[in-house]
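Worksheet: the structure to be examined is printed underneath.
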Amino acid sequence: MKDLEQYREWSQACVKCGACRATCPVFKAENTEGGVARGKIALAQAMMEGQVFAEERLIHDLSQCLLCGSCTNLCPNQVPTAEIVAAARREVARQKGLSGFGKGVATLLTHKKAMDWMSKSGDLASRLLCRQIPETSGLKLRFPVPGIPRERTFPRPSFKPFLNRDIRQTVSPSASHRVLFFTGCGINYLYPEIGECLVRILNFMGVHVSLTNEQVCCGLPALSAGAGDAVQTLAQRNLKALKLHAFDYVLTACASCHGALAGIYPTLGADYQPFAEKTRDIMDFVMDFDLVGRLASLPRSEDRIKVTYHDPCHLRNHGLTRAPRQLLSALPQVDFVEMADAATCCGLGGTFSVHHYETSQMIGNQKANHVAQSGAEIVATACPGCMIQLRDSLNRQNIPARVAHLLELVSQALPGK
């Protein structure tokens, strides 16, 4: 990770043309210059020149960024605004220290036993503090909890995280490919069924899957909070864990984890580069095995369900948009439909949805409306974070569409289920 000063040349490449205004989700919701990329670049430049410091208004404006990268995609000079904003947040933390919330994020993510305990206790507490809303769409609070809006929907933590489960392998170590599955926090603690689907799909393809309990959070939430030291700590622990195993690839089923391992880790030093080069998203990996063709050869179901797809930002930014659509189109139980603005951010943005929940939901409501207009019964995606946001947005809009990880739909279609 670079210091803010190292982005001086990039910041000067911003010509303030305003192209970012057309694509920034926060600007569309707030319509303020501080909420758009060129405004944040101007703030970063002012910080570098010593014209502004870590004051309340600056911190607020820097926090109003999803780090989604949409602006860079339209920028004529490809200015990496998300990287610059993240560096500016780290500079704020250096000058003023982390906020209370930032300290909490950094402390929790760097203590895996605390994460395990919170998952187990969170499952138990949710039975007392929350109510289940219809169609297993999530939980809502029965009683007020500081910092969490009563109307917000969230998933129940798993009493038994994925990495603590007995995952049976059906493929011998002599399989043609050996992969290590980097689960990430979302799958490990909130959606362990996604991990089980991934293992089943890989076993079906004849791939040997390894798991490691030594792995920890990828660090992306800490990056969003400006906790650079926590990102470094988590990356070092993951590097140590990965070195314990022999594998051909590291697979992710979480867009955020892929963004961290393949995008952030290489900036931390040469030791991370070999692992970054071996990191692949599961949907990209299965293309090597013609899973699309194998799915397409299955008998088409007469009772198919209409499914649309939301592109997670961290996959879109790596160009991984075609494979999920090919998989969905090949599924025998699915009729795939494209929705409007499928590649726009859902509004979660890590810590953004905590600090700016109303704006987050303005963005999420627009995405929910696109799902409704598509006529889809299910919106599939490839990021647990996006799943949380999509489910919350659909529930707030009373839209009955369900949310699923694409791997769940693929697993349902495999023979012998």
Side-chain angles (χ1 to χ4, degrees), residues 1-55 57-95 219-220 223-226 228 231-232 255-256 258-260 262-270 272-273 276 311-321 341 343-345 349-352 363:
M1 294 180 295
K2 299 178 182 178
D3 293 332
L4 181 59
E5 178 61 34
Q6 293 175 279
Y7 286 101
R8 180 179 290 272
E9 187 173 343
W10 269 118
S11 69
Q12 293 170 347
C14 175
V15 296
K16 310 299 188 291
C17 66
C20 47
R21 290 163 63 104
T23 188
C24 175
V26 178
F27 179 75
K28 290 179 180 179
E30 295 285 342
N31 200 32
T32 60
E33 191 64 24
V36 75
R38 69 178 183 182
K40 292 183 176 63
I41 296 296
L43 288 173
Q45 290 174 320
M47 290 180 70
M48 285 184 266
E49 298 299 332
Q51 297 172 352
V52 297
F53 301 94
E55 299 169 352
R57 181 55 190 270
L58 172 72
I59 295 171
H60 172 80
D61 285 346
L62 288 177
S63 73
Q64 285 194 305
C65 181
L66 292 156
L67 304 182
C68 68
S70 298
C71 49
T72 301
N73 295 333
L74 276 188
C75 177
N77 291 336
Q78 296 292 286
V79 176
T81 304
E83 293 181 31
I84 295 172
V85 171
R89 290 178 183 175
R90 293 193 294 275
E91 177 61 20
V92 167
R94 188 189 69 78
Q95 291 183 19
L220 209 64
L223 183 81
S224 177
V231 178
Q232 294 268 10
S256 298
H258 183 273
I264 304 301
Y265 283 20
T267 69
L268 301 178
Y272 295 90
Q273 190 63 42
D311 289 283
C313 297
H314 291 293
L315 292 187
R316 180 203 65 213
N317 292 339
H318 283 82
L320 297 174
T321 59
D341 292 335
T344 59
C345 182
T351 57
F352 179 89
I363 298 168

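The basis for the numbers below is simple: all heavy atoms, side chains too, and nothing from hydrogens, waters or symmetry mates.
- Within the structure, salt bridge (Lys or Arg N to Asp or Glu O under 4.0 Å) contacts touching residues 67-87 (residues at least two apart or in different chains) do not occur.
- Nearest approach of I363 to V26, heavy atoms of both residues: CD1-N, 4.1 Å.
- Counting heavy atoms from C-beta outward, M1 and L223 have side chains that approach closer than 4.5 Å.
- In this structure, L58 and M47 have side chains that are in contact, with non-hydrogen atoms separated by less than 4.5 Å.
- With sequence neighbours left out, the ring-ring contact (aromatic ring centres under 6.0 Å, His included) criterion links F27 to no other residue.
- In this structure, R89 and S224 have side chains that are in contact, with non-hydrogen atoms separated by less than 4.5 Å.
- Across A93 and G226, no two heavy atoms sit closer than the pair CB-O, 3.7 Å.
- The shortest non-hydrogen separation linking A82 to L67 is O-CD2, 3.6 Å.
- In this view, T23 satisfies the side-chain hydrogen bond (donor to acceptor under 3.5 Å, both in side chains) rule with no residue, not counting sequence neighbours.
- Side-chain contact between Q45 and Q12 is present, with at least one heavy-atom pair separated by less than 4.5 Å.
- In this structure, I41 and S11 approach most closely via the heavy-atom pair CG2-O, 3.6 Å.
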Q.
side chain to side chain contact (heavy atoms under 4.5 Å, CB included) for R90 and L4? Distances and angles first, verdict last.
A. CA-CA 8 Å; R90 293 193 294 275; L4 181 59; over 6 Å; no
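- For Q78, there are no side-chain hydrogen bond (donor to acceptor under 3.5 Å, both in side chains) partners at least two apart in sequence or on another chain.
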Q.
Working note: K2 + T267, criterion side chain to side chain contact (heavy atoms under 4.5 Å, CB included); need CA distance, chi angles, decisive distance, verdict.
A. CA-CA 8 Å; K2 299 178 182 178; T267 69; 6.0 Å; no
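- Expressed to the nearest 0.5 Å, how far SG of C14 lies from NZ of K40 amounts to 12.0 Å.
- For Q95, the side-chain hydrogen bond (donor to acceptor under 3.5 Å, both in side chains) test picks out E91, with sequence neighbours left out.
- Residues passing the side-chain hydrogen bond (donor to acceptor under 3.5 Å, both in side chains) test with T72, sequence neighbours excluded: none.
- Contact annotation: the side chain of L66 approaches that of P25 to within less than 4.5 Å [non-hydrogen atoms, C-beta and beyond].
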List, one per line, each side-chain donor-acceptor pair under 3.5 Å for residues 312-321, sequence neighbours excluded.
| from | atom 1 | to | atom 2 | distance (Å) |
| --- | --- | --- | --- | --- |
| R316 | NH1 | A343 | O | 2.7 |
| R316 | NH2 | C68 | O | 2.5 |
| N317 | ND2 | C68 | O | 3.0 |
| N317 | ND2 | C313 | O | 3.2 |
| H318 | ND1 | H314 | O | 3.0 |

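- With sequence neighbours left out, F352 forms a ring-ring contact (aromatic ring centres under 6.0 Å, His included) with H356.
- Judged as a salt bridge (Lys or Arg N to Asp or Glu O under 4.0 Å), the pairs with a partner in residues 57-71 (not counting sequence neighbours) are, in order, R57-D61.
- Between G219 and V231, the shortest heavy-atom contact is O-CG2, 3.6 Å.
- Screening residues 63-75 for salt bridge (Lys or Arg N to Asp or Glu O under 4.0 Å) gives no qualifying pairs among residues at least two apart or on separate chains.
- A pairwise comparison of heavy atoms in Y265 and Y272 identifies O-CB, 3.3 Å as the closest pair.
- Remark: E30 pairs with no residue by the salt bridge (Lys or Arg N to Asp or Glu O under 4.0 Å) rule, at least two apart or across chains.
- For the salt bridge (Lys or Arg N to Asp or Glu O under 4.0 Å) condition, the pairs that include at least one residue of residues 5-24, sequence neighbours left out, are E5-R8, R8-E49, R21-E33.
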